[in-house]
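A short write-up of the structure that comes next.
Worth knowing before you read on, the calculation uses all heavy atoms, side chains too, and leaves out hydrogens, waters and symmetry mates. These numbers were taken from a predicted model, which means no experiment stands behind them. When a residue number appears, it is its place in the shown sequence, counting from 1.
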Amino acid sequence: MRIVRFSTGDSFSFGAVGSPREQPGELVVAELDGHPYGGISLTGRTFPLADVQLLAPVLPSKIVGIGKNYADHAAEMGGTVPEVPIVFLKPSTAVVGPDAPIVYPEISTEVHHEAELAVVIGRLCRDVPAERVPEVVFGYTCANDVTARDLQRSEGQWARAKGFDTSCPLGPWVETELDPSNLAVTCTVNGETRQSGRTSEMVRSITDLIVHVTAAMTLLPGDVILTGTPAGVGPLQVGDEVAVTVEGIGTLTNRVIKRG
């Protein structure tokens, strides 16, 4: 099932995307009654997908990022895979949805794209054992861990470099029925392929990451874990169109604009 958050101009709702039996070629959004965690309940209202504005599919209390989880990316950054996963946080204010602008921050002159598979948490959880990880995963979406690389290098910690407003595009929806073990993850900028990898190349699995993260902190429904990016990260400029595609989910597209 594909779960979206959408606007019809006068309201904001969660919905499920599908094709009605009587119109199999047309995608529609069936409005949910409330949020999708803990059970799906429909209001009975539907809208053509083309007539709604898709928003970020979740409203996380926090985004938990994992650094250097692909060996080739660790190498291109001039290092090796760390013995213990690097965990960082992005604030909820970094989140934007599909087709929303990425605003180039005035504090940086070197902003990079990072295409990632994102895990969406479906229930409150802490100290999750490996065998129970499937119970806490709601689904998966595309993410772009946009990073001010110059700040990341100069400041030695990543809060500003990865936490500025609009630095975490998510979408276009959450896919709840997906095997994440071997999916293609790609990034294009203005139609040119920059990144191309597979989730099977991740050093640490999604199960390992959830066990590791929840040993330290409680995750809430809608929280997001970014699972790392393959090699090929590179600069974005004002006017660029950047697209992250994850096999089995879809494509998340955003354009970079100047602030002001």
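Salt-bridge annotation for D145 and K90: present, with a side-chain N of the basic residue lying under 4.0 Å from a carboxylate O of the acidic one.
Here P91 pairs with T93, A94 under the side-chain contact (heavy atoms from CB on, under 4.5 Å) rule; sequence neighbours left out. Under the ring-ring contact (aromatic ring centres under 6.0 Å, His included) criterion, Y104 pairs with no residue, sequence neighbours left out.
Here the side chains of I3 and I40 are in contact, with some heavy-atom distance below 4.5 Å. Side-chain atoms of I210 and I225, non-hydrogen and from C-beta on, do get closer than 4.5 Å to each other. Contact check for E175 versus V246: no side-chain heavy atoms found under the 4.5 Å cut-off.
Residue V96 comes nearest to A100 through the heavy atom pair CB-CB, 3.9 Å, listed as atom of the first residue, atom of the second, then distance. Between T253 and A243, the shortest heavy-atom contact is OG1-CB, 3.8 Å.
Here L124 is tied into one hydrophobic group with L220, each link being a pair of ILVMFWY side chains closer than 4.5 Å. Under a 4.5 Å side-chain heavy-atom cut-off, the cluster of Ile, Leu, Val, Met, Phe, Trp and Tyr residues that includes V203 is completed by V81. Hydrophobic clustering, defined by side-chain heavy atoms of Ile, Leu, Val, Met, Phe, Trp and Tyr closer than 4.5 Å, groups V103 together with I257. Cluster note: F88 groups with I86, W158 through ILVMFWY side-chain heavy atoms spaced under 4.5 Å, whether in direct contact or through intervening members.
Judged by distance alone, the side chains of T8 and S11 do bring a donor and an acceptor atom under 3.5 Å apart.
Under the salt bridge (charged side-chain N to carboxylate O under 4.0 Å, His left out) criterion, the residue pairs touching residues 100-121 are E110-R153, E114-R149, E114-K162, with sequence neighbours excluded. Among pairs with a residue in residues 196-215, those fulfilling salt bridge (charged side-chain N to carboxylate O under 4.0 Å, His left out) read R198-E247, at least two apart in sequence or across chains. The side-chain hydrogen bond (donor to acceptor under 3.5 Å, both in side chains) analysis of residues 229-238, with sequence neighbours excluded, yields the pairs Q195-T229. Evaluation of the salt bridge (charged side-chain N to carboxylate O under 4.0 Å, His left out) test over residues 29-56, restricted to residues two or more places apart or in two chains, returns E31-R45. Within the structure, salt bridge (charged side-chain N to carboxylate O under 4.0 Å, His left out) pairs that include any residue of residues 132-141 comprise R123-E135, R132-E135 (at least two apart or interchain).
The hydrophobic cluster containing I249 also contains V4, counting ILVMFWY residues as joined when their side-chain heavy atoms lie under 4.5 angstrom apart, directly or transitively. Following chains of ILVMFWY side-chain contacts shorter than 4.5 Å, one can reach L236 starting from F164, so the two form part of one hydrophobic cluster. Note: the hydrophobic cluster containing V137 also contains M202 (ILVMFWY, side chain heavy atoms under 4.5 Å, direct or indirect links). Hydrophobic clustering (side-chain heavy atoms under 4.5 Å, transitive across Ile, Leu, Val, Met, Phe, Trp, Tyr) groups V213 together with V133. Residues F14 and L42 share a single hydrophobic cluster, defined by chaining ILVMFWY side chains whose heavy atoms lie under 4.5 Å apart.
Enclosure of atom CZ in R259 is not indicated, since only 12 or fewer non-hydrogen atoms of other residues, nucleotides or ligands lie within 6.0 angstrom.
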Side-chain donor-acceptor pairs of residues 54-68 under 3.5 Å, sequence neighbours excluded:
from	atom 1	to	atom 2	distance (Å)
S61	OG	D223	OD1	2.7
S61	OG	D223	OD2	3.3
K62	NZ	T218	O	3.0
K62	NZ	D223	OD2	2.8

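Side-chain rings of F138 and Y37 approach one another, their centers coming within less than 6.0 Å. Ring-centre distance between F6 and F47: below the 6.0 Å cut-off.
Between the side chain of T176 and the backbone N or O of M1, at least one donor-acceptor pair lies under 3.5 Å. Side-chain atoms of E76 come within 3.5 Å of backbone N or O of G232 as a donor-acceptor pair. Under the 3.5 Å distance criterion, the side-chain polar atoms of R160 are left unmatched by any main-chain donor or acceptor of A148. Panel note: side chain D179, backbone S181; a donor-acceptor pair is recorded below 3.5 Å. In this structure, R255 contributes its side chain and G239 its backbone to a donor-acceptor pair below 3.5 Å. A donor-acceptor pair is defined here as one N or O able to donate and one able to accept, closer than 3.5 Å; no such pair exists between the side chain of T141 and the backbone of L170.
If you take SG on C187 and CG on N144, they are separated by 6.0 Å, rounding to the nearest 0.5 Å.
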Evaluate the criterion side chain to side chain donor-acceptor pair (under 3.5 Å) for residue pair D150 and S108; output intermediate values, then yes/no. CA-CA 7 Å; D150 48 353; S108 175; 2.7 Å; yes
